[in-house]
Amino acid sequence: MAQPEDPKAFEIRIRAAERAHETRDKWLAETNNTMIAYSVEALKSAALISGGSAAGLLAFMGALVAHDRSDVAAWFPWPLSRFVVALLCACLGSGSAYFAQLCFTQSLGKHEKTWTPPYVTDGTAYRGWRRGGLLFQSLTIALVLISYTALIIGYLATYRAISIVGFR
């Protein structure tokens with residue numbers, strides 16, 4: 001039969017558990033804030049670069065048409081469509097990032113706090129929300145990578161069109 005715990009040992013164990021709970025909560029909050037900041041910057045830059053590229057190419061095409069060079073402007077819709085795809089992927093990535101963050105935030109409160117070591121364990125609900133967050137996070141990363149890939153393809157296609165047409 002187990003012996004009752006000494007009141008002093010019990011108090012020490014409870015304080016250690018409280019410190020472990022507080023440390024875990026602080027770490028999760030700091031990690032969450034950092035992750036949000038990085039993901040926002042990645043998505044903003046993808047959308048800004050894509051939108052700027054599309055706007056710049058549209059202005060260039062408009063200037064060509066205004067100067068009766070629509071034969072030259074006909075080379076640029078394909079590169080423009082790559083910039084639009086890049087912008088669309090960046091926008092979809094923002095939505096996916098929102099759902100990833102929603103899942104991760106929901107998982108934060110699903111840890112099981114105990115008074116015996118290790119003091120904090122991952123509950124079943126935590127694992128489900130975490131899995132959903134990882135799924136949406138992976139989707140967001142894929143969309144941003146597709147966005148940047150479409151940008152590179154658009155830049156290369158624009159360069160190719162300019163070099164083929166040549167401006168005489």
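All values derive from a computational prediction rather than experimental measurement.
- Rounded to the nearest 0.5 angstrom, Trp129 CH2 and Thr105 OG1 are separated by 10.0 Å.
- Under a 3.5 Å cut-off, the side chain of Ser53 and the backbone N or O of Ile49 do form a donor-acceptor pair.
- Across all their heavy atoms, Ala97 and Thr140 have their closest contact at N-OG1, 3.1 Å.
- Ion pairing between Arg19 and Glu22 fails under the 4.0 Å rule for side-chain N and carboxylate O.
- Heavy atoms only, all atoms of each residue included: Gly93 and Leu43 are closest at C-CD2, 3.7 Å.
- With sequence neighbours excluded, the residues satisfying ring-ring contact (aromatic ring centres under 6.0 Å, His included) with Phe136 are Phe99.
- Using a 4.5 Å heavy-atom cutoff, the side chains of Phe10 and Ile14 are in contact.
- A distance of 10.5 Å separates CG in Leu48 from CD in Glu41, rounded to the nearest 0.5 Å.
- Note that CG of Leu88 is 8.5 Å distant from CG of Leu143, once rounded to the nearest 0.5 Å.
- Interatomic distance, CD of Gln137 versus CG of Leu139, reported as 11.0 Å (0.5 Å rounding).
- A 4.5 Å side-chain heavy-atom check between Ser50 and Phe83 finds every atom pair outside the cut-off.
- Taken to the nearest 0.5 Å, the OG atom of Ser81 stands 13.0 Å off from the CZ atom of Phe76.
- Following chains of ILVMFWY side-chain contacts shorter than 4.5 Å, one can reach Leu58 starting from Tyr155, so the two form part of one hydrophobic cluster.
- Using a 4.5 Å heavy-atom threshold, the side chains of Thr158 and Phe60 count as separate.
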Side chain to side chain donor-acceptor pair (under 3.5 Å) between Tyr148 and Ser45, worked out: CA-CA 10 Å; Tyr148 283 122; Ser45 66; 2.7 Å; yes
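- Counting all heavy atoms, side chain and backbone alike, Ala63 lies closest to His67 at O-ND1, 2.8 Å.
- Taking both residues in full, the closest heavy atoms of Val65 and Ala73 are given as CG2-CB, 3.9 Å, listed atom of the first, atom of the second, then distance.
- Rounded to the nearest 0.5 Å, atoms OG1 (Thr34) and CD (Glu30) are 7.0 Å apart.
- The hydrophobic clustering, which links ILVMFWY residues whose side-chain heavy atoms are closer than 4.5 Å, places Leu151 and Val144 together.
- Within the 3.5 Å criterion, the main-chain N or O of Ala86 finds a donor-acceptor partner in the side chain of Ser147.
- In terms of modelled atom types and a separation under 3.5 Å, the side chain of Thr23 and the main chain of Ala20 share no donor-acceptor contact.
- Leu80 is connected to Trp75 through a chain of hydrophobic side-chain contacts under 4.5 Å among Ile, Leu, Val, Met, Phe, Trp and Tyr, so both are in one cluster.
- The side-chain tip of Arg82 points at the ring of Trp78 from less than 6.0 angstrom away and within 45° of straight on.
- Trp27 and Tyr126 are not part of a single hydrophobic cluster, where members link through side-chain heavy atoms under 4.5 Å apart.
- Leu102 and Leu92 fall within the same hydrophobic cluster, where Ile, Leu, Val, Met, Phe, Trp and Tyr residues are linked whenever their side-chain heavy atoms come under 4.5 Å apart, directly or through other members.
- A salt bridge does not link Glu11 to Lys8: none of the charged side-chain nitrogens sits closer than 4.0 Å to a carboxylate oxygen.
- At least one side-chain heavy atom of Met61 sits less than 4.5 Å from a side-chain heavy atom of Leu57.
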